[in-house]
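Order of the sequence lines fixes the chain letters, A, B, ..., with proteins taken first and strands second; residue numbering starts at 1 for each chain. A quick note: this is a predicted structure, and the numbers were derived from the prediction, not measured.
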Amino acid sequence: MIEVVSGERCVGCDRCVQVCPTNVFDSGPGGVPVIARRHDCQTCFMCEAYCPVDALFVAPSPQPVEAGSPLRDEAHLVASGLLGAYRREIGWGRGRTPGALLAVGPDLPGPSGPASGSSRPAASGSPSRPVSEKEHR
Amino acid sequence: MTVTGTSSDPLDLSAGVLVAGGGPAAAWAEYKAAQAGADVVLADKGYCGTSGATASAGTGVWYVPPRPAERERAMASREALGGHLADRHWMARVLDQTYEGMGELADAGRYPFPPDGEGGQVRRGVQGPEYMRRMRILLRRAGVRILDHSPVVELLTDEDGAVAGVAGYQRQRDRPYRVRAGAVVLATGGCAFLSRALGCDVNTGDGALMAAEAGAELSGMEFSNAYAIAPEFSSVTKTAYYSFATFYREDGTVLEGAGSQKGRSVIARTLLTEKVYCRIDRAGPDVQRAMRLGQPNFFLPFDRMGVDPFTRLFPVTLLLEGTVRGTGGIRVADDECATSVPGLYVAGDAATRELVCGGFTGGGSHNAAWAISSGTWAGRGAARFSAALAPSASRRPLIPAGGAGLRPTGRPAARDGYREVVAAVQAEVHPYEKNYLRHGDRLGPALANLHATWDRVRSSLYGTGAGAVHARQAAAMTAHARWMYTAALARQESRGMHKREDLPGSDESWRRRLLVEGLDEIRVRPDPVAPVGPQEYADHLRAAS
């Protein structure tokens with residue numbers, strides 16, 4: 001769920017207001033958007049991807065984190081590299097290589113799968129039929 | 001009367017084709033309708049580019065080069081899993097159309113597919129944000145009009161019952177709108193019942209409700225119990241990489257039989273009484289590196305919680321994906337993805353996907369291929385239908401078709417009445433023991449509760465302005481759940497993802513798709529159109545040559 005809107009970083013472009021698919025933000029009086037409908041946040045991380053200055057942070061939990069959580073602490077998020085991490089990984093932003101260009105995942109183990117549940121070694125990477133990346137999403 | 005109750009002036013537009021939705025199917029429909037010469041308006045609940053399951057999740061694509069042996073293997077791969085309800089005629093044309101569409105995405109859309117090392121590109125999947133950003137750019141270049149944050153609330157019909165437009169609400173401008181249209185494409189997605197599955201909260205089954213109100217049928221609604229694995233502390237329902245996982249009980253022993261592709265029901269059954277843990281411990285260093293490149297969003301929850309999923313146990317849950325990853329939806333009546341209602345077309349997860357994957361999940365690749373293909377056909381079909389209308393059609397009366405949530409038959413309930421409805425529906429469809437691990441003894445009472453909820457919805461649920469959107473979502477979810485369980489009780493066997501604990505076997509006489517229709521009264525019947533398996537398809541080809 002959306003946890004941080006950095007007033008220090010925000011340039012007031014209202015891009016997050018525009019792109020949030022569940023309409024969580026409203027334009028704010030001083031240019032910094034406000035989280036107006038927090039419980040509509042579906043934790044999809046799209047606002048982070050679109051924020052041009054990495055001013056937003058979405059914690060992975062679909063519920064709000066507790067008050068003292070480091071996931072609400074901007075200094076911690078900057079120091080740990082978490083702020084802006086998603087945008088960096090999908091390669092959005094000037095001078096970056098689009099992540100899509102590199103997105104070749106591993107072949108998945110065959111659909112017959114590890115039904116035995118016994119401890120097995122890592123997949124050999126040579127299934128009888130390579131299952132395409134993300135076939136089962 | 002259209003949606004009323006706000007102070008701003010309504011927006012009144014006119015278009016050749018109106019597309020409802022903002023995901024890939026909507027984008028392809030709009031793009032192809034515009035290419036066919038139609039004047040097009042797209043109206044989405046969210047923002048076309050971030051809306052829907054694909055944009056935030058990303059997806060594989062059922063992309064198979066046109067080589068006969070590969071195509072045959074691709075078509076055969078899910079036929080048995082899908083309970084032999086698919087149709088080879090549709091599979092073949094979806095494979096053709098998807099191949100062409102992905103080529104367009106690469107060329108006109110300039111999507112940066114990874115190089116394959118042999119001068120070509122790997123086109124078996126797309127990253128969601130990039131894909132939908134490129135689609136939006138394509139739409140802008142095609143000159144179409146996009147209404148973001150403008151959920152369609154109801155269809156408008158003419159006096160003969162043909163669909164002639166939509167009414168909706170612009171939530172960022174607090175004003176109602178109306179679009180008169182020659183034809184309408186519903187590409188509003190499936191229904192995941194606000195489960196917080198990644199990107200799915202906009203998918204509340206709105207299109208199915210509107211289609212049913214106009215008289216359309218649905219198909220395959222019993223195939224509506226897709227659940228996805230997610231870390232318990234997250235919304236990220238990306239399940240492919242759990243193929244490399246081992247699942248554990250609370251006491252640290254391996255959960256026998258549990259798995260991602262087969263054995264997900266073992267996880268569900270165990271979760272009824274204890275936590276289930278997971279570790280992605282069958283992936284070597286090379287596989288781990290490829291995973292990060294392949295699906296960076298899979299790692300978002302782990303990185304942010306400081307959990308290394310390759311070495312540490314983490315608790316998992318299953319989130320309902322309903323008819324988003326299930327295959328039920330509005331029945332497709334012809335090759336152009338028309339419905340049985342004149343002027344109404346359907347694309348993507350709003351439509352049944354049984355034609356390409358039967359009763360097995362369309363998750364990932366098949367649904368993505370279906371979105372491209374059905375979007376293309378519905379867009380072109382709607383454009384053709386609209387162009388063939390008489391000039392007098394622009395003066396047709398526009399009769400609102402919406403009922404539940406907009407026009408209660410009794411005294412209207414409180415403004416936030418939708419919350420109670422949503423909670424009541426979720427209580428019947430989220431629990432694994434009701435929806436996933438199906439049994440007639442549990443489906444029956446659940447359906448009775450849902451019928452009672454519908455009666456309340458119909459008599460008193462009411463909203464205006466933004467409240468109308470909430471009320472309609474709640475009504476759509478209620479209707480969806482009733483169609484699901486009606487079909488699940490009607491199908492007296494197990495087939496595809498629909499597994500009945502009380503009827504574990506499959507019965508050849510049930511190798512038919514099931515149609516449901518109606519709102520206050522729901523009727524079920526076998527589809528008179530039979531599935532087309534390999535044998536039937538071969539016979540057909542022989543007869544045609």
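Proximity to chain B (any heavy atom under 4.5 Å) is shown, for A:L101, by both the backbone and the side chain. For a residue to count as touching a neighbouring chain, one of its non-hydrogen atoms must lie under 4.5 Å from one of that chain's; by this rule B:V236 touches chain A with the side chain only. Contact annotation for B:Y111: only side-chain heavy atoms (C-beta onward) come within less than 4.5 Å of a heavy atom of chain A. Contact of B:C48 with chain A is not made at all, since no heavy-atom distance falls under 4.5 Å. The contact between B:R133 and chain A is made by backbone and side chain atoms together, counting heavy-atom distances below 4.5 Å. Contact annotation for A:Q18: both backbone and side-chain heavy atoms come within less than 4.5 Å of a heavy atom of chain B. B:N297 touches chain A through backbone and side chain together, each having a heavy atom under 4.5 Å away.
By the 30° and 60° cut-offs, the orientation of the rings of B:F298 relative to B:Y241 is perpendicular. Between B:F310 and B:F299, the ring-plane angle classifies as tilted under the 30° and 60° cut-offs.
At least one donor-acceptor pair under 3.5 Å links the side chain of B:S77 to the backbone N or O of B:A74. Under the 3.5 Å distance criterion, the side-chain polar atoms of B:R264 are matched with a main-chain donor or acceptor of B:Y227. Side-chain atoms of A:R72 come within 3.5 Å of backbone atoms of A:V65 as a donor-acceptor pair (strictly under, hydrogens ignored). Without hydrogens or angle criteria, B:T253 side chain to B:R249 main chain gives no donor-acceptor distance under 3.5 Å.
Contact tally against chain A (heavy-atom pairs below 4.5 Å) for B:G128, B:G306, B:G263, B:P301: the top residue is B:P301. Counting heavy-atom pairs closer than 4.5 Å to chain B, the top-ranked of the candidates A:P62, A:S61, A:C20 is A:P62. Between chain A and the options B:G49, B:S56, B:C200, B:P231, heavy-atom pairs under 4.5 Å are most frequent for B:S56. Between chain B and the residues A:A85, A:G99, A:P70, the largest count of heavy-atom pairs under 4.5 Å involves A:G99. Most heavy-atom pairs under 4.5 Å with chain A: of the set B:M305, B:R196, B:R289, this distinction falls to B:R196. Contact tally against chain B (heavy-atom pairs below 4.5 Å) for A:D26, A:L77, A:V17: the top residue is A:V17. Among B:H149, B:K45, B:E130, B:R171, the residue making the largest number of heavy-atom pairs under 4.5 Å with chain A is B:R171. Listed options B:G46, B:P115, B:S51, B:P112 were ranked by heavy-atom pairs under 4.5 angstrom with chain A; first place goes to B:P112.
B:Y248 and B:R279 share a side-chain donor-acceptor pair at under 3.5 Å.
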Distance-only check: which donor-acceptor pairs under 3.5 Å involve side-chain atoms of residues 44-53 of chain A, not counting sequence neighbours?
from  : atom 1 : to     : atom 2 : distance (Å)
A:E48 : OE1    : B:R304 : NH2    : 2.9
A:E48 : OE2    : A:V58  : N      : 2.8
A:E48 : OE2    : B:R304 : NH1    : 2.6

For this session: For side chain to side chain donor-acceptor pair (under 3.5 Å), just list the numbers for A:S6 and A:E74, CA-CA rounded to whole Å, side-chain angles, deciding distance to a tenth of an Å, and then say yes or no.
Result: CA-CA 7 Å; A:S6 167; A:E74 189 176 334; 2.8 Å; yes
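To the nearest 0.5 angstrom, B:D148 atom CG is 4.0 Å from B:R136 atom CZ.
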